[in-house]
> 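One structure follows; several queries about it will come next.
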Amino acid sequence: MSLYQPEPVEISTRMRPGEWTEASLEELVTTYQAKILAMGATISEVVTEVVRNDDGSVAVAVSWNKGAYADEPKGGGFTNTESTNTGSSVDTAEA
């Protein structure tokens, strides 16, 4: 195992109730995923997390999981059940 620890890359935001629609949320997630992919991530390294809060707000985080070490397998990173490790756009699970 090497000591190399890559820098994490994440694009995230939170939106209040009324500041987003399903269409704008999907567009935002797709844009964030495209930006991470343009930085050099592969689809399997892109982790998307959408958290819908009871008050109607939403938190979005799209990150590039490079693994903790250079020789560690890539993929995964969030433990939230709404997280995905695919190129899918928006998790539409009910809160």
> Side chains of Val51 and Glu49: does their closest heavy-atom pair fall under 4.5 Å?
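Heavy-atom side-chain distance check passes, below 4.5 Å.
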> Could you grab the distance from atom CG of Leu25 to atom CE of Met15, nearest 0.5 Å is fine?
5.0 Å
> By salt bridge (charged side-chain N to carboxylate O under 4.0 Å, His left out), which residues pair with Arg14, not counting sequence neighbours?
none
> Side chains of Val47 and Val62, heavy atoms from C-beta outward: is any pair under 4.5 Å?
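They are not in contact (no side-chain heavy atoms under 4.5 Å apart), so the answer is no.
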> Can Thr30 and Gln33 be counted as having a side-chain donor-acceptor contact under 3.5 angstrom?
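No pair is found: no donor N or O on one side chain lies under 3.5 Å from an acceptor on the other.
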> On a heavy-atom basis, which atom in Pro17 and which in Asp55 lie closest, and how many Å separate them?
CG-O, 2.9 Å
> Less than 4.0 Å between a side-chain N and a carboxylate O, is that true for Glu22 and Arg52?
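Salt bridge flag = yes for Glu22 with Arg52.
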> Sequence neighbours excluded, which residues qualify as side chain to side chain donor-acceptor pair (under 3.5 Å) partners of Ser24?
Thr21
> In Å and rounded to the nearest 0.5 Å, what is the CH2 to NZ distance from Trp64 to Lys35?
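Spacing of CH2 (Trp64) from NZ (Lys35) equals 15.5 Å.
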> Under the side chain to side chain donor-acceptor pair (under 3.5 Å) rule, collect the residues that match up with Thr13, sequence neighbours excluded.
none
> Contact between Asn53 and Val58 at the side-chain level, heavy atoms closer than 4.5 Å - yes or no?
no
> If you round to the nearest 0.5 Å, how far is CD of Glu45 from CE of Met39?
13.0 Å
> Which value, rounded to the nearest 0.5 Å, describes the distance between Ile11 atom CD1 and Leu28 atom CG?
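That separation rounds to 9.5 Å.
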